[in-house]
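Beneath this line is the structure, given in structure tokens, with notes to follow.
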Protein chains: 2
Amino acid sequence: MDDRRDMALAMDRLLAHGHAVTPQRRLVAQALRDAAGPISAQELSAALEPGRGIGQMTVYRTLALLADAGVAYQIAATDADRHLARYVFCSGSHHHHLVCQTCHAVLEVGGCGMESVDRDVEQRTGFAGVGHHLDFVGTCPACAAVASGEGH
Amino acid sequence: MDDRRDMALAMDRLLAHGHAVTPQRRLVAQALRDAAGPISAQELSAALEPGRGIGQMTVYRTLALLADAGVAYQIAATDADRHLARYVFCSGSHHHHLVCQTCHAVLEVGGCGMESVDRDVEQRTGFAGVGHHLDFVGTCPACAAVASGEGH
DNA sequence: TCGACTATGAGAATGATTATCAGTGAGGAG
DNA sequence: CTCCTCACTGATAATCATTCTCATAGTCGA
Ligand SMILES: [Zn+2]
Ligand SMILES: [Zn+2]
Ligand SMILES: [Zn+2]
Ligand SMILES: [Zn+2]
């Protein structure tokens with residue numbers, strides 16, 4: 001896999017947005033990429049404890065920067081933990097995320113054909129620069145199997 | 001307009017979800033519907049002060065219930081005020097919201113043709129019961145005019 | 001290499017949300 | 001219609017994610 005490639009890309013994007021590249025930011029981005037699912041700032045901070053003590057403040061700031069640079073995305077679809085910000089790593093180009101409602105596993109979903117919809121919304125509403133925030137939710141095969149097994 | 005109709009529908013949905021209908025819940029739902037834009041629990045609480053002092057706790061709980069019943073929707077597209085939950089009133093059937101990034105004005109956008117996309121995602125991923133959370137963001141005509149006027 | 005300007009992080013502060021729990025009211029059974 | 005049960009309400013206190021502060025350390029262009 002391209003472990004180094006997407007990290008380099010992420011750091012390049014930080015630079016392109018006028019932000020410096022620091023060891024802490026690299027580590028936060030790596031931990032975010034390696035996370036099993038949408039992860040919060042505090043969980044990331046805890047995950048980073050072993051190797052190095054990175055301050056919570058830095059984690060919060062870095063997540064905001066990464067989101068600004070398009071390297072991280074703040075998941076909106078979580079119905080539980082409504083007031084907790086969770087992020088996923090975003091590599092490559094435009095895509096969206098499918099989140100399991102039960103175990104919170106995340107899959108990237110490419111090729112949303114929504115560019116034309118954005119243009120259509122612009123036409124109908126008069127708004128400019130219309131874009132979209134889109135998440136998919138569902139039940140992953142594993143959780144679906146468990147649920148059907150538990151059915152009474 | 002159908003002021004009474006959508007309130008009655010909202011209360012019916014509460015009942016359908018096993019929740020009682022109370023004067024407080026009616027007032028919260030009305031205030032939410034009459035709000036100019038996405039509104040937070042505390043702003044709703046303040047807006048309700050004049051007529052009647054409704055406890056903040058009730059406002060929070062009612063918003064959660066309304067969201068559960070599909071009568072309220074928690075906007076996710078707000079980049080500012082990241083850690084503040086804002087809700088909009090949802091009447092009728094499936095639709096989405098277009099939010100101005102500057103003034104936070106909200107427009108309902110109907111007819112997203114995403115049912116087929118949901119099915120397609122199910123096919124490609126094996127997930128079951130796939131649905132979507134979708135918000136549009138953009139700049140409303142008024143804010144676009146101000147921005148171009150300020151351009152140096 | 002050097003300097004200006006940005007990033008870091010421990011601690012305290014902020015502030016939205018949630019827990020508690022006694023009192024109140026909604027709504028179904030009879 | 002009345003009564004009983006169980007859900008709802010709300011003042012208060014507690015929780016806890018996020019932000020502020022500011023002195024120190026590091027980044028990166030020149
Ligand atoms: Zn799952
Ligand atoms: Zn898209
Ligand atoms: Zn606007
Ligand atoms: Zn839709």
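All values below were derived from every heavy atom in this structure, side-chain atoms included, with hydrogens, water molecules and symmetry-related copies excluded. Quick note on labels: first sequence line is chain A, next is B, and so on, each numbered from 1.
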Write down the protein N/O and nucleotide N/O pairs, taken from nucleotides 13-17 of chain D, whose separation is under 3.5 Å; answer none if there are no such pairs.
{"residue": "dA17(D)", "atom": "OP2", "partner": "Gln42(A)", "partner atom": "OE1", "Å": "2.4"}
{"residue": "dA17(D)", "atom": "OP2", "partner": "Gln42(A)", "partner atom": "NE2", "Å": "3.4"}

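One interatomic measurement links the two molecules: CZ of Arg25(A) to P of dG26(D), which rounds to 15 Å at whole-angstrom precision. Between Leu15(A) atom CG and dA7(C) atom P the separation is 11 Å, expressed in whole Å. As a whole-Å value, the separation of His19(A) NE2 from dC28(D) C1' is 15 Å. Regarding Ile54(A), its CD1 atom lies at a distance of 14 Å from the P atom of dG26(D), rounded to whole Å. The interatomic distance linking Asp68(B) (CG) with dA7(D) (P) rounds to 16 Å, in whole Å. Atom-to-atom, CG of Leu63(A) to P of dA7(C) comes out at 15 Å; the value is rounded to the nearest Å. Across the protein-nucleic acid pair, Arg86(B) atom CZ and dA16(C) atom P stand 10 Å apart, rounded to whole Å. Summarising the geometry, the separation between CG on Leu14(A) and P on dT6(C) is reported as 16 Å, rounded to the nearest angstrom.
Between Gln56(B) and the phosphate of dT12(D), there is no side-chain N or O to OP1/OP2 separation shorter than 4.0 Å. Dashed line: the shortest gap from a side-chain N or O of Thr58(A) to OP1 or OP2 of dG9(C) is under 4.0 Å. The phosphate of dA7(D) (OP1 or OP2) has no side-chain N or O of Arg61(B) nearer than 4.0 angstrom. Distances shown here put every side-chain N or O of Thr22(A) at or beyond 4.0 Å from the OP1 or OP2 atom of dT6(C). At dG25(C), none of the side-chain N or O atoms of Gln24(B) fall inside 4.0 Å of OP1 or OP2 (strictly under the cut-off).
His19(B) has its side chain out of reach of Arg61(B): every pair of non-hydrogen atoms, C-beta onward, lies at least 4.5 Å apart. The closest side-chain heavy-atom distance from Glu122(A) to Arg124(A) is not below 4.5 Å. You'll find the side chain of Glu108(A) reaches within 4.5 Å of the side chain of His97(A), heavy atoms only. Counting heavy atoms from C-beta on, the side chains of Met114(A) and Phe136(B) come closer than 4.5 Å. The shortest distance between side-chain heavy atoms of Leu107(A) and Val121(B) does not fall below 4.5 Å. Residues Thr62(A) and Leu27(A) have side chains not in contact (no heavy-atom distance under 4.5 Å, counting atoms from C-beta outward).
Rounded to 10 degrees, the angle between the two end axes of the helix from dT1(C)-dA30(D) to dG30(C)-dC1(D) is 60°, with five pairs used at each end.
Considering only side-chain atoms of Met57(B), the nucleotide from dT18(D), dG10(D), dT21(D) that sits closest is dG10(D). Comparing atom distances between the Thr62(A) side chain and each of dA7(C), dA26(C), dT8(C) picks out dT8(C) as nearest.
Side-chain atoms of Arg33(A) never come within 3.5 Å of backbone atoms of Met7(A) as a donor-acceptor pair (strictly under, hydrogens ignored). Using a distance-only test at 3.5 Å, with no hydrogens or angles considered, a donor-acceptor pair links the side chain of His96(A) to the main chain of Leu134(A).
Val28(B) and Tyr60(B) fall into different hydrophobic clusters, defined by Ile, Leu, Val, Met, Phe, Trp and Tyr side-chain heavy atoms under 4.5 Å apart, directly or through other members.
A search for side chain to side chain contact (heavy atoms under 4.5 Å, CB included) contacts involving Ala69(A) returns Arg13(A), Leu14(A), His17(A), Val71(A), not counting sequence neighbours.
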